[in-house]
Chemist: 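Please see the structure below; I have some questions.
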Amino acid sequence: MKIAKVYINQTNFSMDRPFDYLIDREMESLIAVGQRVMVPFGYGNKPLDGVVVDIIDFNAGESNGYKLKKVLGVVENYPVMSCEQLKACEWLQSNYHAFFMDNVNAYFPGTLNIKTKKDSDLKTRFYLDFKIKETIQYSLACEYRDLSLDQVLELTPKNAIKQAEILKYLYTGPKTREELKEVIINPNQAIKSLLTKGILLEAANKESYVHPKKLIKKPDLTPDQKNILSEFSNSVDRVSLLHGVTGSGKTEIYLNMMEEALEQGGTCLYLVPEISLTPQTINRITERFDQKAAVIHSRISDKDKVRQYLEIDKKEIKIIIGARSAVFSPFRDLGLIIIDEEHENTYKSQNRPRYDTIPLACKLAEFFNAKVVLGSATPSMVSYYKASIGAYRLLELPNRINCMEMPRTEIVDMREEIKDGNRSFLSKALYSRIKDRLDKGEQTILFLNKRGYYSFVFCRSCGYVIKCKKCDVAMTYHGKTNKMICHYCNHTRSVEDTCPECKSNKIKYSGSGTERVQALLEKYFPAARVLRMDTDTMKKKDSVQKTLELFADKKADILLGTQMVTKGFDFENVTLVGVLLADLTLNFPDYRSSERTFQLLTQVAGRAGRGTKRGEVVIQTYDPGNYVINHAKCHDYKGFYDKEISFRKTHEYPPFSRLFYVGFAGDDMKSVKKDCESYHRQIKVELEKRNQNILIKDVYPPSPSGIIRINNRYRYYILIKTSRIKEFNDIIRAVNFSDETKKIKSTMIVDVNPNAVF
DNA sequence: AGCACGCCGACT
DNA sequence: GTCGGCGTGCTC
Ligand SMILES: [Zn+2]
Ligand SMILES: [Zn+2]
């Protein structure tokens, strides 16, 4: 007899370990490591699914008479988890303190439900439920797609108003019935009639696959690009860091690297920070290769997710493009992972499992003997440090292609502006340059760092700030809907006319930073067409892409936005970039605020002058001597890096240490505090046990979170900043599974190198 | 997550 | 005395 070690599909501390089950002799040939099985669990012997992580021989003598239960059956008839994937799950478990089954589940599309049925031989069988509802999309029939909108509208009778509405809407692209219903009331009858006339086409949603008709030919490479590519092909290094200034042709290099990997039969994984913000990059990849590519993002239908999953699993797809969760694709022959804009913080998962994509990708590459390429114009401090000590191969592209010059940058001291009596958000320099571009018909991007620029609602009579009832934060006013919203729990409230505190009517409402700036821009430049791009205006599905298309088609003069406008878009007619207030992210209380600001400034500056004309950048600030701003002005990455890395070293911040954040939340403040203190005490005890008492200096005492209450739950945390990673990984694991910790009622999270600590 | 076991107060 | 409240702990 054999024993299967099974992780059961429950995610909590007490079940984050394998359980032993006997394998019936007749089932032995059916069960392998990596397979999903059903096992009886608990007093009720409830059938639960789990994953086999090991199979060992059963020795009756060793069992101590302990009664073992038997595996009930298999879910699939093949192992769903490869041994590389299982190793990755284990690695995440020990390095990120993520539950094993959270890691396993990250590999599965959410809705693979397991069903039971009795077979004719009366044996219970388990199978996957594939009954996932189809998403049907409606689009204009092919033969009418080249017509103008007016011509299309002539296809239906004049009195068919609803049909015309539908056609008008569908002219912008395929839509589902639900989307049509949002815009057009009761469209069913009209859709039916359009379908019978053959004007509309009904098709299952396939938008997650991109298989283009026309392929774009490979352009000639510059000598710089050729050098980099040959250095890369000849190197045996596992990880390479491609540091290329904005506009240096990094994407073309990625495409060539992918071509080589595909020729060798490897699967390519191309990761981007956010799918919706990178339509241009995705198009370039799919236009280049004459094969199916899977684009993995959160908005595709469950059915497509399952289909994609199975096709990647069967090696039918060799190109996978996606955001961070795509590292959990079921590839079996990984050849290359490209991580574009590797400095972006979206690569760190903020939810369970709380992994960091870059180390995970490197680990996967190790298991598969594949290569990883990290690319950025502004590499993260961590990555560049690793390259500088030789852990990564450094590939550098210091010049823009076609001898394009880097934009000219000017720093404007806003204090001088105030001295001169200019109290507006636009300096004279930026104002005159915007005016100049408007006259010349060139475009401008204006960047407003969002943080700190939320508009809260307060009473000018007594100073009372309206706060969320469930959270310890101020409500934000939303001009468009005339409502207040809490950004932490999404609670919305209508506005009040009088101050709840002093009953005066001097309550002040003003729109968000971008909203206000947009209104002012329209006042200063009445003729200018201003597009706004921020999280508020970009909530709808295709709005990002539409805004970008409008701007690319020169249907607007100014693109005003938050962090979103700094991403790698390529607009040839943009010759001016303005940073309205560089200080906003600089003063944020986080050890990475300098790094983040440098990245934002450099990236947004890189949007200028991508066509034939040289770009200009204006950075407005109250702190013109700041080294971050000045290094960004000179496009001096190395200078900034040297300064910043010495700061990290003296203060022992990453890459010279690792941060462990242990957070506690619950509805009773006192018990949350108590739980947090208990955890802290246990860390001390564990250190004493190991004769490492001095390391307590690395453990910050329990403290209330910056925002103590969110959604009526109080929050406390412990922070550990240490270079003794092995020790603290062991200690955290020991404490997590201790008897004392079992008494902790608060929800507890461990986040390794979190994006934000508060 | 469930479900049993057990320790305490209220109700026949 | 015993019924049931839920807090605590275990499940291969
Ligand atoms: Zn008041
Ligand atoms: Zn709230």
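The basis for the numbers below is simple: all heavy atoms, side chains too, and nothing from hydrogens, waters or symmetry mates. Just so it is clear: chains get the letters A, B, ... in the order the sequence lines come, proteins before strands, and each one is counted from 1.
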Chemist: Calculate the interatomic distance between A/Asp739 atom CG and C/dG9 atom P; express it in whole Å.
Modeler: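 After rounding, the reported distance stands at 8 Å.
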Chemist: When you measure from the side chain of A/Arg17, which nucleotide among B/dA1, C/dC12, C/dC10 comes out closest?
Modeler: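 Nearest to the side-chain atoms of A/Arg17, counting from C-beta on, is C/dC12.
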Chemist: What's A/Ser14 touching, base or sugar-phosphate or nothing? Going by heavy atoms closer than 4.0 Å.
Modeler: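 Base contact.
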Chemist: Taking CG from A/Asn45 and C1' from B/dA1, how many angstroms apart are they, rounded to a whole number?
Modeler: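 These atoms are roughly 15 Å apart.
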Chemist: In whole angstroms, how far is the P atom of C/dT11 from the OH atom of A/Tyr7?
Modeler: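 Distance, rounded to whole Å: 16 Å.
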Chemist: Once you round it to whole Å, what is the distance between C1' of B/dC3 and CD1 of A/Ile8?
Modeler: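 In whole Å, B/dC3 C1' lies 15 Å from A/Ile8 CD1.
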Chemist: Output the rounded distance in Å from NZ (A/Lys742) to C1' (C/dG7).
Modeler: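 From A/Lys742 NZ to C/dG7 C1': 16 Å.
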Chemist: Can you find a side-chain donor-acceptor pair between A/Tyr270 and A/Asp340 that sits under 3.5 Å?
Modeler: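 Indeed, the side chains of A/Tyr270 and A/Asp340 share at least one donor-acceptor pair under 3.5 Å.
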Chemist: Does A/Lys745 have a side-chain nitrogen or oxygen under 4.0 Å from the phosphate oxygens OP1 or OP2 of C/dT8?
Modeler: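 For C/dT8, OP1 or OP2 has a side-chain N or O of A/Lys745 closer than 4.0 Å.
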Chemist: Look up atom CG in A/Asn712 and atom NZ in A/Lys470, then write down how far apart they are to the nearest 0.5 Å.
Modeler: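 The NZ atom of A/Lys470 is 6.5 Å from CG of A/Asn712, to the nearest 0.5 Å.
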Chemist: Separation of A/Gln10 atom CD from C/dC12 atom C1', in whole Å?
Modeler: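 These atoms are roughly 14 Å apart.
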Chemist: In whole Å, what is the span from the CG atom of A/Asp20 to the C1' atom of C/dC12?
Modeler: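 A/Asp20 atom CG is separated from C/dC12 atom C1' by 6 Å.
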Chemist: From the set C/dG9, C/dT11, B/dG2, return the single nucleotide nearest to any side-chain atom of A/Lys743.
Modeler: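 Nearest listed nucleotide: C/dG9.
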Chemist: Would you say the side chains of A/Tyr7 and A/Asp16 form a donor-acceptor pair under 3.5 Å?
Modeler: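 No, no side-chain donor-acceptor pair sits under 3.5 Å.
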Chemist: With a cut-off of 6.0 Å (strictly less than), are more than 12 heavy atoms of other residues, nucleotides or ligands near NZ of A/Lys69?
Modeler: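 Yes, because the 6.0 Å sphere around NZ of A/Lys69 holds more than 12 heavy atoms from other groups.
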Chemist: Looking across every strand, which nucleic acid part, if any, lies under 4.0 Å from A/Tyr21 by heavy atom: base, sugar-phosphate, or nothing?
Modeler: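 The residue A/Tyr21 makes sugar-phosphate contact but no base contact.
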Chemist: Specify the separation, in whole Å, of atom CZ of A/Phe58 and atom C1' of C/dC12.
Modeler: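 Checked: the CZ to C1' distance equals 12 Å.
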